[in-house]
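Quantities reported herein were computed from a predicted structural model and do not represent experimental measurements. First the proteins, then the strands, lettered A, B, ... as listed; each starts at 1.
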Amino acid sequence: MVKKFYVTTPIYYVNSEPHIGSSYTTIVADIIARYKRMMGFDVFFLTGTDEHGQKVMQAAKESGVTPKEHVDRLSAKFRDLWEKLEITNDMFIRTTDDFHERTVQAFIKKMMDNGDIYKGKYEGWYCVPDETFWTDEDIISENGKKLCPQCKREVKWVEEENYFFRLSKYNDKLLKYYEEHPEFMEPDFRRNEMLQIIRSGLKDLSISRTTFDWGIPMPDDPKHVVYVWVDALINYLSALGYAENDQKFHNYWPADLHLIGKEINRFHSIIWPAMLMSAGLELPTKVFAHGWLTVNGEKISKSLGNAISPIELMDVYGRDPVRYYLLRDINFGRDGDFSEDNLISRFNADLVNDLSNLVHRTLSMCEKYFDGVIPVFSGKDDSPDKDLYSIIQSNVKKYKDNMDHYQFTQALESIWEIIRYANKYIDLTEPWKLDKQDNGRERLSKVIYNLIDSIRIVSVLISPVMPDTSEQILKKIGYGQDHLAEENFELHRLSSNVKTDKGNPVFMRIDTAQWEKVIKIKSPDIKQNSFAPSIKKDETVNQEKKDNIISLIEIEDFKKVDLRVALVKSAENIIKSEKLLKLSLDMGELGIRQVVAGIAKFYTPQEITGKKIVVLSNLKPTKLMGIESCGMLLAAKINDKLSVLIADRDLEPGAKIS
RNA sequence: UGCGGGGUGGAGCAGUCCGGAAGCUCGUCGGGCUCAUAACCCGAAGGUCAGAGGUUCGAAUCCUCUCCCCGCUACCA
C-alpha cells in the first residue's frame, strides 16, 4: 500500500494582493509536497482562496464591483502567482465553488444532528456605519449617549438571533487530546499558548451572521450566512469530496499537515479540531504555525513600500535562490527577517561559490581528463574516499531526519556539509597531479567518479527546495526527473560511460558593487557609518531624526485646536493604574470636566491640585481604564523629566489660548 | 501593563528541553593550490554566552532577581 500525505496551506483571504508573506507559506508547503513525493508518498497538496465575508464585500464596494467580480479577480491573482512560482499544488479550492458550499452545509447539518448547534440570542452594542459589535466595556458613554470607540458615532443596542456552536462542550476533550498528542501542534511554544487558552475555558462560538449576505446560507435558514471562518476551515474537507466522494475522502483524510501562520493558530488548533470532533471525524496529524516575516528589519506594510512582490524578486534572483534563501536563513517556526543583503550573500557564498563552482570545476576536469565521459569506479578506497562516503551517508540521514521534522535550515546545512567536503576532497586528491603521474589514471577515474556521484546525490537532495537547479545539474550528468527517489540517495549509483554536458555554470556571481537591489525602502536613508559600533545605534539616530522632522502647517490648522486654561479642582489616583491621574477641571464657560492624564509618575494628586494648567478641550473624548476623559492636558517631556504647562500670569479658568 | 519572542566573537544564527572542553556561515588577516567564477583548501585573530546571585565537582544550558530590544496589548489623550 502506498503511503499518503495530505498537506494544506491556509486558503488566502482575497482582501489584498499576495505578497512575500503568503508566498512563504505556499513555498514551504510546496517543498514539503515535493519532498514527500520523492520519498514515495501519494501526496495531495491543497491551496486556495477564502472569498466570503464582510470585509470582502466592503473591498468590492470600494472598488465599485460586485463581490463575485472582486473575488474572481483576486483569486486569479493568487492562482497565477502559484503557477509562476511553479507551485505543485494538486488542487486550488475557492470557497465560492459550489461543491464547497454544499459541503459546508452538509458538515453543519452533521454538527446539528449531533446537537452541537443551537439558536441563541446575540446581544450587544452595534455601530451601524462600522458594522461592528462592541461589548459593554468597549463603548464610550458621553452625555448619556453611547458612542462607538472606533468612530465615536452613536451605537445602538441590537439583539440578533445567531446560531452557536457548543465549543465549550469540547473543552475537556481538546485538553485531553493536547495532552495525549503533543505532536499535534507545533512549535511547542505555540502549543503552550493554545493550552493556556483552552485551560482558561472556551466559550460557545457564534457561527452565523444576518447583517450581510455574502456567504454560505445556513441549512434551512437562508437568512443566516455561515461565519466566514467556519466556512473557510471546511475547505480542507470539501477539497477531498467530503460527503460526496467517499473514496477520495478516505484516501487522504485526515490531513497530515496544516501549514499556517501564527495569527490563525487559534482557529486551526482549537476551533477546527472541535468542529471535527463534533462531526465525528479524525483530527489532522499536525498543525504547524510558522512565524512572520519582516523585510529588512521592518514590518511588511504598504506605506513603507516594502511589501515586495514575490514575482519581482524571483525575476531578479531566480525562483530557486529565493526559495533557498527563505528556507536556509529563516528558522522555520520563528519570526524571521527577509533581508536582501543576506539573500545576496547566501547566493554568492552558498550557491555560486560552493555548489555551482563544485559542479563546474568537476565537470571541467571530467571533460579535460576523460573527454566528458563519466569514468568507471575502480581501484581501492583511499582515506579521503572513505571520509567522503561516511560524510555523505551521515548527512543523508540527517537530511531525512530534518526534512521529516520540517527543520529545513538544518536539512540544507547537512546538504552543504557534503558540498563542502566534496570541494575539500578535490584539494586532498589533487586530480591535476594524478593526471600527470604515470600510474595515476585509475585513481583519477575513481576521484572524478566519486565527485560526480556526490554531485548526483546533492542534486537529488536539493530538489524539493531547488527543483530547477536540481533538474539542470542532473541533466548535465545524464539524469532526468525520474531520478528523484529515495533509493538514489545511495552511493555509487552513478552510471559510468555517460557523456556529461558541462554547459554554463548554474549560478553566476552577483557583483555587489554594481548591483541594484529590488527592495527600495522609502523611509529616509541613513548612510551606513562604518565606524558605528552597531546597527542599533543607527536605528536610534534614525528614530530621532524622524521625530524631529516637523512639517509646516497653516494658521487654519492651528485654529482647529481649542486650548484653554483650566483650574485643577481635585485629582486622584486611579486604582491599579501606575501612570494615570483622574483630574476634575474647572474650565470656566466650558464647565467642569473630567480628564485622565498620564502624569502619575511625575505628579502626586496634591501637587497638581490648584494649579492652572493648559488643556486641549476639543479632543474627542475617550475612555482610559474605563474612565472617561474629555480633553488632554499639555505637558512637556524630555527623557525622564516631565512638566505640566502653566500660564505665566494668573488667568480665569476657561481663558482661550491663541 | 499583561502576554509572547529575543539578548552567544564585527554581522547573521545554532546550541538551552535532557548541565560536561563555546560552534556554524559571512566578514577580516596570513598561507596554500591552479581543476574552477576575485573561486577552492588550510591556518589565525576576535566572545566575562545581557547583568547579579544561587544549585552543582562542573552552568550559555537549571533556579531567583534585574536590565535591554522586538511584536501584540494596554492606562501614550
Side-chain angles (χ1 to χ4, degrees), chain A residues 187-190 192-193 196-197 262-263 291-292 294 297-299 328-331 333-337 339 341-342 344-346 348-354 356-369 407 409-410 412-413 416-417 419-435 444 447-448 451 502 504-513 530-536 539-540 573-582 595-601 615-635 637 642:
Chain A
D188 54 350
F189 59 91
R190 298 262 168 250
N192 288 337
E193 284 178 15
Q196 284 300 319
I197 293 172
K262 65 180 184 182
E263 73 284 3
W292 283 355
T294 51
E298 307 221 41
K299 248 178 102 174
R328 174 62 186 80
D329 250 26
I330 292 159
N331 202 340
R334 299 200 179 267
D335 289 350
D337 182 46
S339 143
D341 284 339
N342 291 348
I344 294 168
S345 158
R346 284 286 170 202
N348 279 341
D350 297 355
L351 301 184
V352 179
N353 296 351
D354 291 346
S356 171
N357 190 231
L358 171 67
V359 174
H360 198 243
R361 66 198 295 212
T362 300
L363 294 185
S364 290
M365 286 190 282
C366 182
E367 220 165 59
K368 192 163 179 175
Y369 308 137
Q407 294 172 320
T409 301
Q410 294 85 333
L412 288 169
E413 261 168 20
W416 256 255
E417 292 279 318
I419 295 172
R420 289 202 191 93
Y421 190 81
N423 272 319
K424 185 167 177 169
Y425 177 82
I426 297 176
D427 269 51
L428 294 172
T429 53
E430 299 179 300
W432 49 93
K433 282 190 186 161
L434 292 173
D435 179 51
L444 183 59
V447 166
I448 299 299
L451 279 169
K502 183 172 92 168
N504 293 322
V506 284
F507 293 112
M508 295 299 277
R509 154 168 286 275
I510 292 172
D511 181 2
T512 48
S530 53
F531 300 107
S534 74
I535 284 181
K536 274 174 194 158
E539 280 167 359
T540 316
N573 284 312
I574 292 169
I575 302 159
K576 285 198 282 185
S577 169
E578 282 184 13
K579 287 187 195 168
L580 296 183
L581 286 185
K582 187 170 87 179
V595 165
V596 177
I599 57 169
K601 282 186 175 168
V615 171
L616 173 58
S617 73
N618 62 339
L619 185 67
K620 281 182 187 169
T622 190
K623 253 184 172 181
L624 298 170
M625 284 294 277
I627 296 166
E628 206 170 3
S629 178
C630 307
M632 175 173 94
L633 68 72
L634 266 45
K637 184 168 188 250
L642 180 142

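Between the CG atom of A:Leu616 and the P atom of B:A77 there is a distance of 12 Å, rounded to whole Å. For the pair A:Asn342 CG and B:G27 P, the interatomic distance rounds to 12 Å; values are reported in whole Å. For A:Asp350 and B:G12, the CG to P distance is 17 Å, given to the nearest whole Å. With rounding to whole Å, A:Leu412 atom CG is found 19 Å from B:C24 atom P. Summarising the geometry, the separation between CD on A:Glu417 and C1' on B:G23 is reported as 12 Å, rounded to the nearest angstrom. What separates NZ of A:Lys433 from P of B:U34 is a distance of 6 Å, to the nearest Å. As a whole-Å value, the separation of A:Gln410 CD from B:U25 C1' is 14 Å. One can place CG of A:Leu633 at 12 Å from C1' of B:C76, the figure rounded to the nearest angstrom.
Distance from the side chain of A:Met365 is smallest to B:C35 among B:A77, B:C35, B:C40. Minimum atom distance to the side chain of A:Trp432 is reached by B:C35, of the listed B:C35, B:U25, B:U37.
If you take atom P in B:U16 and the same atom in B:G5, they sit 16 Å apart, rounded to whole Å. Nucleotides B:U48 and B:G53 have their C1' atoms positioned 16 Å apart, rounded to a whole Å. Nucleotides B:C17 and B:A21 are separated by 22 Å at their C1' atoms, to the nearest Å. The P atoms of B:A14 and B:C62 are separated by 16 Å, rounded to the nearest whole Å. Across B:C3 and B:C42, the matching P atoms stand 49 Å from one another, rounded to whole Å. Taking atom C1' in both B:G2 and B:A45, one finds a spacing of 46 Å when rounded to whole Å. Comparing B:U56 with B:G19, their C1' atoms sit 9 Å apart, to the nearest whole Å. Here the separation of B:A50 from B:A22, taken at their P atoms, is 15 Å to the nearest Å.
Atom CG in A:Leu451 sits 10.0 Å away from atom CG in A:Leu363 (nearest 0.5 Å). How far CD of A:Glu367 is from CD1 of A:Ile448: 11.5 Å, rounded to the nearest 0.5 Å. Atoms CG and CZ, from A:Asn342 and A:Arg328 in turn, are 11.0 Å apart once rounded to the nearest 0.5 Å. To the nearest 0.5 Å, atoms CZ (A:Arg420) and CD (A:Glu413) are separated by 8.0 Å.
As judged by a 4.0 angstrom heavy-atom cut-off over every strand, A:Pro431 is placed among residues making no nucleic acid contact. Base engagement by A:Ser356 is indicated by at least one non-hydrogen atom pair under 4.0 Å involving a base atom.
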Step by step, would you call A:Leu428 with A:Tyr421 a side chain to side chain contact (heavy atoms under 4.5 Å, CB included)?
CA-CA 10 Å; A:Leu428 294 172; A:Tyr421 190 81; 3.6 Å; yes

Kindly indicate, with the supporting measurements, whether the criterion side chain to side chain contact (heavy atoms under 4.5 Å, CB included) is fulfilled by A:Ile426 and A:Leu358.
CA-CA 9 Å; A:Ile426 297 176; A:Leu358 171 67; 4.0 Å; yes

I'd like to know whether A:Met365 forms a side chain to side chain contact (heavy atoms under 4.5 Å, CB included) with A:Leu444, so could you lay out the CA-CA distance, the side-chain angles of the two residues, the decisive distance to 0.1 Å, and finally the verdict.
CA-CA 10 Å; A:Met365 286 190 282; A:Leu444 183 59; over 6 Å; no

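With a 3.5 Å limit on both pairing distances and Watson-Crick or G-U wobble geometry required, the stems of 3 or more pairs in RNA chain B span B:2-7 with B:67-72, B:10-13 with B:23-26, B:28-32 with B:40-44, B:50-54 with B:62-66.
By the side-chain hydrogen bond (donor to acceptor under 3.5 Å, both in side chains) test, A:Lys433 is found to be paired with A:Glu430, residues two or more places apart in sequence or in another chain being considered. For A:Gln410, the side-chain hydrogen bond (donor to acceptor under 3.5 Å, both in side chains) test picks out no residue, with sequence neighbours left out. Looking at residues two or more places apart in sequence or on another chain, you find a side-chain contact (heavy atoms from CB on, under 4.5 Å) between A:Asn353 and A:Arg509.
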What protein N or O atoms touch nucleotides 5-9 of chain B N or O atoms at under 3.5 angstrom, if any, and at what distances?
from : atom 1 : to       : atom 2 : distance (Å)
B:G5 : O3'    : A:Arg334 : NH1    : 3.1
B:G6 : OP1    : A:Arg334 : NH1    : 2.7
B:G6 : OP1    : A:Arg334 : NH2    : 3.3

Enumerate the protein-to-nucleotides 41-46 of chain B contacts in which both atoms are nitrogen or oxygen and the separation is below 3.5 Å.
from  : atom 1 : to       : atom 2 : distance (Å)
B:C41 : O4'    : A:Asp427 : OD2    : 3.1
B:C42 : OP1    : A:Lys424 : NZ     : 2.7

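Of the two residues near RNA chain B, A:Ala349 and A:Lys502, the one whose nearest nucleotide lies more 5' is A:Ala349. Where A:Gly631 and A:Lys368 meet RNA chain B, the nucleotide closest to each residue was compared, and A:Lys368 sits on the side nearer the 5' end.
Checked by distance alone, A:Ser345 brings no side-chain donor or acceptor within 3.5 Å of a matching partner on the base of B:U25.
At least one donor-acceptor pair closer than 3.5 Å links the side chain of A:Ser364 to the backbone N or O of A:His360.
Checking the phosphate oxygens (OP1, OP2) of B:C40, a side-chain nitrogen or oxygen of A:Asn353 falls inside 4.0 Å.
The nearest pair of heavy atoms linking A:Trp416 to A:Asp350 is NE1-O, 3.2 Å.
With a 6.0 Å radius and a threshold of 12 heavy atoms from other residues, nucleotides or ligands, A:Asp511 has its CG atom above the threshold.
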